[in-house]
Amino acid sequence: MLFNLRYTLRQWQKRKFQTLTLILCLSLFCAFTANLIATAPALFNDRQPWMSGSTPYITIGLESHSGKFNPIDKTNLDKFTQSPAIGELMTLTNRTLRGLKDQSGVAIDDAGAVYLPPSFIDRFADELPPVMKKLSDTRVILSYQYWQSLGAKPIEELVINASLTGAQLPVAGVLPKGFRLFQGIVSDIVLTDQQVASTFGINFGANKPPDEYVDKIINQLVESVAFRYGVAELKPGYEPEDVSAITLAKEEASDGSVVLLSGTASWTPKVIEGLQFHPQQRQRLIDQWQMLLGLTLGFLLIGLFNLLTSNFSEYLQREQEFQTRKAVGASNKDLIRQLLTENSLLGFVSVVLGVALSWYILKHVEAELVLVSLLSSEIKVTGVALSVLLTVTVVILVGLLPFLSLNRQARFSRSKSNGQGRLQRWLNAGNMTVQIALALVAITCSISLWLTQEQQLEQVSVNTDIIQLSYKQGETSSDPVINLNEWKSKLANQPFDVAMSVDNFIDSNPSATQASTEGLDSPSAIPIQIMSVSDNYFNVLEAVPVVGDRNPAEVNQVIINETAARELGFKQPKQALQQTLFVKDASSYQFTEDEPIIIVGVSKDLPHSSLNQNAQPMIYNLLRESGQLLREIYLYAQPTNVDAVVELMQQQAASRENMYNVNNDGALLQLLKQQDEEWFVLAQLLLGLTLLICALAATSLYQQIVAYVIQRSRLYAVMQAVGAQVSDVAKSISRMLATKLLSGLILGVIIIAAINSWFFQQFHAELFTVHYLVLSLVAILLLVLLSYIPAIWRQLSLPIQRILRDE
Amino acid sequence: MAEALIETSAMSKVFGSGKTQFEALKNIDLVINKGEFVALEGPSGSGKSTLLSIIGLLDVQSNGEYSLAGHPVHTLSAYQRASLRNQHVGWIFQNFNLVNDMTVLENVMLPLRYHPSINKHQYKERAMKALTQVEIANKADNYPTQLSGGQQQRVAIARALVTNPSLILADEPTGNLDSVTAEQILAVLESLHEQGSTILIVTHDAKVAARCKRRLQLRDGQWSA
């Protein structure tokens, strides 16, 4: 055994680069597989990983026109208790707790809080960690990570102060390391619902606002806590569809003063199977998961092709060794045992590296990839074991195939045949083609994804140097109402332009409603989002081009985006100008149903959600003092004016006893990059991996050319012996290569076209352009040359007489 | 009475089928007793290497019978033939067939690794003994590529000896060597014969054949008078 291992290492020594790249490829397959297996149950199960049993649960939320799953307010959730299909309705709530302080009054990080009803803990008592039983209406539980971020102090010393409500939250315990209560959301603090009811309070300080405002503030705070989802056990004999028969109550007429931005007017109730809690996040994660799965399968495919070709080539080169071993008494089993050792060692080293890599990915890529950071952050033993088993099995089986095939042809016997087995013929015919095709696809994908992201960023139709600043409600809330008129007049007095909006330029979550040019109840109405902006918004952001007016002056004038114009039925954006728009259920934006709205401008689509996603139809209306109870606004200014704007904002905050935080969120370029961070990370990842794929392809091509040449070395030697020039031999080899190169390129282009088509359907953008393809073709030709020259050199540098004598 | 080590009866070997069928050996009857030193002669294409491959269990006859050390070969599986080859046959090739990635010692130890009854603690001792026997023990840690042709053939002989086989088969053992080295190798083989080994040499060199005690002539796959 020891001898076999030593001998294997000697064989590796002879082809270090090839072995190294092969190990790297297989280890990446193992690492990614381990991570994919670890995250799969959380993504694809209809229940949380800690849940056992098969009792059907449902989650109730709201679905927007764009398919987004959102929390449901308490009033509407309560309606579901009428459904005979469900048992006890439990409400799960999540929100971000800001302005927290520790026991000594030092500010601590914001926390993602999850509120559970006591019935939930009782129901899952046997499945949840025992520490959950310590949760009570006076004490909270922390996640391990959050506890660590607080300095991992002894539990009894930990009390968290929620300065907004004045609540004191003593800590009862810490969840186990790596335990995630709900996949896809941050749950730093776990509280009971009773905690909200019993400790709720507002500290208004000295500047108590008028009573009517106090009521509104309290109402809004109560609602803001109630970002909740319903969870219930489905009674036997009922399906989730039976529950969705419940309809939402028509939203009560607003009194014109308090309407929540996330109103429910255009949302419909949605019941989904299982306890998923965050399906919208889940779908996003599934997209990433599938992309990584594709990458992983790519590693496997390329790794196996390389293993096959390199072993074929190697075993042919070791023909004499195998014959000798047989001559001295080795049976086929003995030879297989030796090769089993060699391939097992390859598999073993790959999986050891793979497990280390998977750990590295979890530890260091966590912050980069949402997929990893929001799902189970612990590598599961079963996942690793499965991945290791899969890698080693595949390596051993595939690694032995060339030997079995060659041995079947009696290649290692003295009475050997010079023919080729089916597998070898197939590999000779198809493998080089496939390798070239895969390398081309990898290079093109990498170049395209990288350049596409950068290019899309450059093509954003606003000035991305513009700085976004935010003015948000802070720790205390004696006066959470932002007086827009006051802001307007202050900004108007500045010697430069500053734009305002109530939503962040990116990641905006405006409410959606129905719009049509034909009438309020037109069946052709489309879902549309509304975003309130100042009249100089498009000027300051330098949004180009805008057809029509850039500065709507009247309250009933709006600008829509190109997508909205298209979906409203206008082939050309300018056709939408001066058209009347009917908008339903949008009183919170002071659109009244009897007052016509005129489209005065059509803007290019702005990337409010992602560079890689289709724009939503959008209405930009004038921001004005309304019933919207604003707790934050966004300002936009040229970089040169930012200091002055910040000073103005700080003055404003100071006049409100610093109840507001002034933040410089950064340039739009930076925010857009952050928004699509995972795409940029993926592009970087793919670029790095492409280098590996190219290295593998190069070694594989080299091995194949070498194997091809070895099989014909006598022919070439004879050719040279009878007077052929070196160039004649090179030409003969090149002819073979040219055919396979051409077929590989054709196959590659076909695959690229298919990927492009898929990408276009998904993201409505071309992934590849002819320009990228040409760049990739140049790269692939270089790659082939890099493989071809050493292989030819190897043949031509052998003394002819030695080849002739050896044969 | 001498004990037969090799016995063949009406043995033939056919390659290919149909129109391309070619009979390399035709009705070969042969008996070689233990301790014999036999030369197998014949021109190129006469079938002597094919016969040697069958006798050395690297190939199987198409028809007829063959038994080695009393074992009827045609009844044996490939595994059993490999085992029999390991324990009863020592091969010496014209081009030495040493494994270049193994040291001289490892090359000689190679047959021992496949031997079912030799303890692995004895490998080195036995290999060194065989190397000493052919006077190449001082090169034990070298690789084959660091040796001359004569030295490589000595290593190959040591490898053939190391399991104490009943039969040593040498396929043109001096074919790749100069006359001085060839003489040394023949001397080693003669010495082995004197120690009781049964040796069958394939050669078309009359001088080499003349050193053997018995000469067999093969022509077109048959014995010639």
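Sequence lines set the chain letters: A, B, ... in the order given, protein chains first and strands last, and positions in each chain run from 1.
- A cation-pi arrangement is present between A/R325 and A/Y7 under the rule of less than 6.0 angstrom and at most 45 degrees off the ring axis.
- Interface remark: of the candidates B/V99, B/L84, B/V89, B/V99 forms the most heavy-atom pairs closer than 4.5 Å to chain A.
- By number of non-hydrogen pairs under 4.5 angstrom with chain A, the leading residue of B/L57, B/L98, B/N107 is B/L98.
- Looking at B/M102, the atoms closer than 4.5 Å to chain A (heavy atoms on both sides) sit in the backbone and in the side chain alike.
- Interface remark: A/Q13 contributes no atoms to any contact with chain B (heavy atom separation under 4.5 Å).
- Residue with the most contacts toward chain A among B/R159, B/H115, B/K120, B/R113: B/R113 (heavy-atom pairs, distance under 4.5 Å).
- The backbone N or O of B/S46 lies less than 3.5 Å from no partner atom in the side chain of B/D220, so there is not a single donor-acceptor pair.
- No hydrogens or angles considered: a donor-acceptor pair under 3.5 Å links the side chains of B/Q80 and B/S77.
- Between the side chain of B/N97 and the main chain of A/T324, no donor-acceptor pair closer than 3.5 Å is present.
- If you check the side chains of B/Q195 and B/Q133, you find a donor sitting under 3.5 Å from an acceptor.
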